[in-house]
Amino acid sequence: YRQDVLANNLANASTAGYKPDLASTRPRQAVRQEDGLGFAPSNSLLERLGGGVLLNPNRISFAQGPLRSTGNPLDVAIEGAGFLTVRDDADAANPVKLTRDGRLTRNAQGELVLAASGLKVLDTSGNPIVLPEGPAPTISGDGKIRQRGQEVAQIQLNGGGDPSRLRKAGNNLFIAPKDVVGSPTPASGTLSQNTYEDSSVDEVMTLLGLTRIARTIDGQ
């Protein structure tokens, strides 16, 4: 299982904003302890050996990824903690999602969207951002978008709350609890224009991890 997790991380080493999964295990108690049968007879030696191991739920590493310069004025990278907020109308249960993928573009309706999926980027009021025709905008560290010196919108930067409560939804998106998206807390990170955050997968360490696992499987 760890091999599968590391292989998936390596496959996403060039995916913008990707955050790697971390697989781990925990000791399993002996059957008598696990089932709460303290009164039942048992073998003390076997109990000291335990019941093997169980998989923990995967954790996500939210370590900062390197920034890649693009020259596209709509691209933004988050430096530090925080997420862009987007609307996914195809998911009725969790329509508001978070992402670190800052590759943005303007759709045919003038809305600011994710270049990879077309999902609408939301402002601080939870509404799609519409950019009027005109010169390239400037985007400040706090997400304020200006054209011709006038503020036209502000990108919502969600702090994300407790990272352990976030879960991956595919397509580089995260599902957050209702309280996190319903009452967003400000992010401590800031935006950097004309760049996006690359994958935070450490390719060398991931390859070393795969090598160690392969040797373990082979019994070397």
Side-chain angles (χ1 to χ4, degrees), residues 5 8-9 11-24 56-68 70 74-105 111-129 139-145 153-202 206:
V5 170
N8 182 67
N9 289 340
N12 285 281
S14 59
T15 301
Y18 179 80
K19 299 302 175 187
D21 290 309
L22 304 174
S24 63
N56 282 320
N58 282 350
R59 292 184 296 113
I60 304 171
S61 169
F62 286 102
Q64 178 76 46
L67 304 191
R68 185 181 296 273
T70 65
L74 296 182
D75 285 343
V76 291
I78 303 173
E79 294 187 81
F83 300 86
L84 301 178
T85 309
V86 298
R87 182 173 298 281
D88 182 4
D89 292 324
D91 186 351
N94 297 284
V96 178
K97 293 186 172 69
L98 306 179
T99 185
R100 294 278 298 193
D101 186 352
R103 297 171 299 170
L104 308 181
T105 189
E111 297 166 320
L112 189 64
V113 298
L114 298 183
S117 61
L119 297 183
K120 299 172 185 177
V121 179
L122 303 183
D123 64 14
T124 50
S125 298
N127 299 314
I129 295 172
I139 304 176
S140 62
D142 60 359
K144 291 179 180 176
I145 304 174
Q154 183 174 3
I155 297 172
Q156 182 184 141
L157 284 175
N158 192 318
D162 181 356
S164 66
R165 300 177 69 199
L166 302 181
R167 56 189 177 92
K168 291 187 175 181
N171 297 318
N172 233 352
L173 302 172
F174 297 95
I175 294 175
K178 301 296 184 184
D179 59 297
V180 173
V181 295
S183 301
T185 57
S188 59
T190 57
L191 290 182
S192 175
Q193 190 178 10
N194 301 299
T195 63
Y196 69 82
E197 183 188 15
D198 220 335
S199 171
S200 57
V201 172
D202 186 323
T206 304

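In what follows, residues are counted from 1 in the order of the sequence shown. Values below: every heavy atom of this structure, side chains too, minus hydrogens, waters and symmetry copies.
- One N or O on the side chain of Gln64 and one on the backbone of Ile78 form a donor-acceptor pair closer than 3.5 Å.
- When side chains are defined from C-beta on, Leu114 does not count as touching Asn171, because their heavy atoms never get closer than 4.5 Å.
- Side-chain atoms of Leu84 and Val76, non-hydrogen and from C-beta on, do get closer than 4.5 Å to each other.
- Taking every heavy atom of both residues into account, Asn158 and Pro184 meet most closely at ND2-CB, 3.3 Å.
- Shortest non-hydrogen contact noted between Arg103 and Ala16 is NE-CB, 3.4 Å.
- Pairs of residues two or more places apart, or lying in two chains, that qualify as salt bridge (charged side-chain N to carboxylate O under 4.0 Å, His left out) and include a residue from residues 74-89 are Asp88-Lys97.
- Looking only at side-chain heavy atoms (C-beta outward), Lys168 and Asn58 stay at 4.5 Å or farther from each other.
- Residues Val181 and Thr85 are not in side-chain contact: their nearest non-hydrogen atoms beyond the backbone lie 4.5 Å or more apart.
- Annotation: salt bridge (charged side-chain N to carboxylate O under 4.0 Å, His left out) contacts involving residues 173-184, sequence neighbours excluded, comprise Arg165-Asp179.
- Donor-acceptor pairing under 3.5 Å is lacking for the side chains of Ser125 and Asn127.
- Side chains of Asn172 and Arg100 form no contact here, defined as non-hydrogen atoms less than 4.5 Å apart.
- The ring-ring contact (aromatic ring centres under 6.0 Å, His included) contacts involving residues 74-103 comprise Phe62-Phe83, Phe83-Phe174, where partners must be two or more places apart or lie in separate chains.
- Within the 4.5 Å cutoff, the side chain of Tyr196 has no heavy atoms near those of the Leu104 side chain.
- In terms of heavy atoms, Gly189 sits closest to Leu157 at O-CD1, 4.1 Å.
- There is no side-chain donor-acceptor pair under 3.5 Å between Asn12 and Ser199.
- Counting only heavy atoms from C-beta outward, the side chains of Asp123 and Ile155 never approach each other to under 4.5 Å.
- Counting only heavy atoms from C-beta outward, the side chains of Val96 and Gln156 never approach each other to under 4.5 Å.
- When every heavy atom of Ala153 is checked against every heavy atom of Ile129, the shortest pair comes out as CB-CG2, 3.7 Å.
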